[in-house]
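Computed from a predicted structure; not experimentally measured.
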Amino acid sequence: MAVAFWILAVVSVAAGIVVFVVDSMARATFALLASLLAVGAAFLLIDLEYLGVLIILMMVMEMLIMAVFMIMYMMNPAGLMPMKMVHNNRGAVIISGAVFVLLTAGIFLTSWPQRRGEPPADPTRELGMAIMGSKMLVMMVIGVAILATMISTVVLATHRGRYDRYGEDLKRRRPLDPGPGQGPGLPAAEHHHGHGSCGSPDPREESG
Amino acid sequence: MLEGAVLLLALVGLGLSAACLDARLGGAQVGAPFGEVARLLVQQRRRTLLRDTLLLRIGVISLIVAPVLAGIVIPLGDAPVADLAVGIVWFNAMEVCVWGSLWLTGWAVNSVYPLAGAYRLVAQGLAYELPHMFALITVALGAGSLRMGDAVQAQQGLWFVVWMPIAFLIYLVSALAMAFWGPMSQPVGTDLAGGVRAELSGPDRLLFQAGRYALLVVAAAAAVPLFLGGGAGPVLPSWLWVLVKTAAVLGLLVWVRHRVPAIRMDRFTQASWLVLIPLSLVQLLVVGIVVL
């Protein structure tokens, strides 16, 4: 158990350092993922199976989405060229050093409580009761509300909304989408609206 | 130990059977997959310029490791290889690791089409994952537990497929998306010259294909304890029932590939978020009320 903990701890820290050493966005992302997976596995050691597996599940998804966004916003297209992963070295060293000293001091100065009682038979259940308890109904409703908010945000943020696809009065039977085989082509003005520099040939403009 | 060997044997056997059935339905010889295995084993590796070999290895190998790890919580008869208390969440976590495998594979070869295929899988993943999770949660709610074995126990009277049919259908759709199979095979689509696997050859491609079939088998096998009563059935021993039911679901998934056209990820996202998520929430509500 102790051996496993130390291996996971070393992997976690080492992978965290690798994030700043490698010169590739993809490697940095997956080094960070490796670090977080080690943290998730460490939760399994203290029998918090649900939290541990959940960390693994969420971190894989999160890192994937992060990789997509990081590469999307990078200066070299597709991010295939090597790039420096650190900036503002002096400021970063000062800030991270100060935070490290603060956290380490906190660890040694806190009077940690002695363990009372035994671990519960079903830690997942106890965890849920501890976090939500009597507010279970409220939390469930809020959960669905957050999901609905996420979906509506995406719907509002999409480039082509339902009025673009189904027409002003939403009466078009087949949506007008980019891509081949979509019925009558879009007017060229609609495609080039706002970005005159778009150089990609559009198959619809040839046929339409 | 024995269960682990059985799991690997079942994965290989069912995966090869699925490949043979797929070849048969596709108009090829039944034995075509064996020839393909032999061809890939001796084929020389094709290398792309400036590829990231480390990430490619991680991607291809994890694509076959993830389904095996997902399979360890599925009861093969009476007991799974590892009876985790949160088996359903574990299955979900391992199956999501495939997103990482495919993205790494698509990225690492330093080629356009594989990368585009990898992005397609991430988009498709975001589309199928939410209804998929709700379908799994519905089962957990019905069983009152996240343990696969408890889900089987809870179905001794009535199989979940009978009173949560919408969750079962959503699970089947997401199983196709998870294994990027059939109508959801856009990440490896022919319009992208093979997508993620376009630049893979020789042993790399063999591992990739094997991982994909393992994923399909595990996705089909998980439907058995989740919805089809596990090993429950008359006369035959429970392990045989698990095998028969898994083979039936697997056969259905393979058959669908030859009957349903491919669907674009953006179209699927629309259908998934606007139709499947509300449906899965209604199903969850119904099951919640029944359980209450």
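For CZ of B:R45, the number of neighbouring non-hydrogen atoms (other residues, nucleotides, ligands) closer than 6.0 Å is greater than 12. In the displayed structure, B:Y113 atom OH is contacted under 6.0 Å by at most 12 heavy atoms of other residues, nucleotides or ligands. For B:Y128, the OH atom counts as densely surrounded, since its 6.0 Å shell holds more than 12 non-hydrogen atoms of other residues, nucleotides or ligands.
Checking side-chain atoms of A:E49 against main-chain N and O of B:A85 turns up a donor-acceptor pair under 3.5 Å.
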Please assess B:I277 against A:L147 for the test side-chain contact (heavy atoms from CB on, under 4.5 Å), listing each intermediate value before the final yes or no.
CA-CA 10 Å; B:I277 289 182; A:L147 174 68; 4.0 Å; yes

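Residue B:L50 does not touch chain A at all, counting heavy-atom pairs closer than 4.5 Å. Contact of B:L126 with chain A is made through the side chain alone, with heavy-atom distances under 4.5 Å. Looking at B:V89, both its backbone and its side chain come within 4.5 Å of chain A, counting heavy atoms on both sides. At a 4.5 Å heavy-atom cutoff, B:E95 makes no contact with chain A through either its backbone or its side chain. Proximity to chain B is absent for every atom of A:R125, based on heavy atoms less than 4.5 angstrom apart. For chain A, no part of B:F91 is nearby; none of its heavy atoms comes within less than 4.5 Å.
Note: A:M61 CE to B:N92 CG = 7.5 Å, rounded to the nearest 0.5 Å. For the atom pair OG1 (A:T29) and CG (B:L104), the distance works out to 9.5 Å, reported to the nearest 0.5 Å. Note: A:R27 CZ to B:D52 CG = 4.0 Å, rounded to the nearest 0.5 Å.
A:L64 is not listed as a side-chain neighbour of B:V96, based on a closest heavy-atom distance of 4.5 Å or more. For the pair B:W107 and A:F30, the minimum side-chain heavy-atom distance is 4.5 Å or more. Counting heavy atoms from C-beta outward, B:W273 and A:V155 have side chains that stay 4.5 Å or more apart. Between A:L54 and B:W90 the shortest side-chain heavy-atom distance does not fall below 4.5 Å. The shortest distance between side-chain heavy atoms of B:M133 and A:L57 falls below 4.5 Å.
The candidate with the highest count of non-hydrogen atom pairs below 4.5 Å against chain B, out of A:V68, A:L33, A:V144, A:L37, is A:V68.
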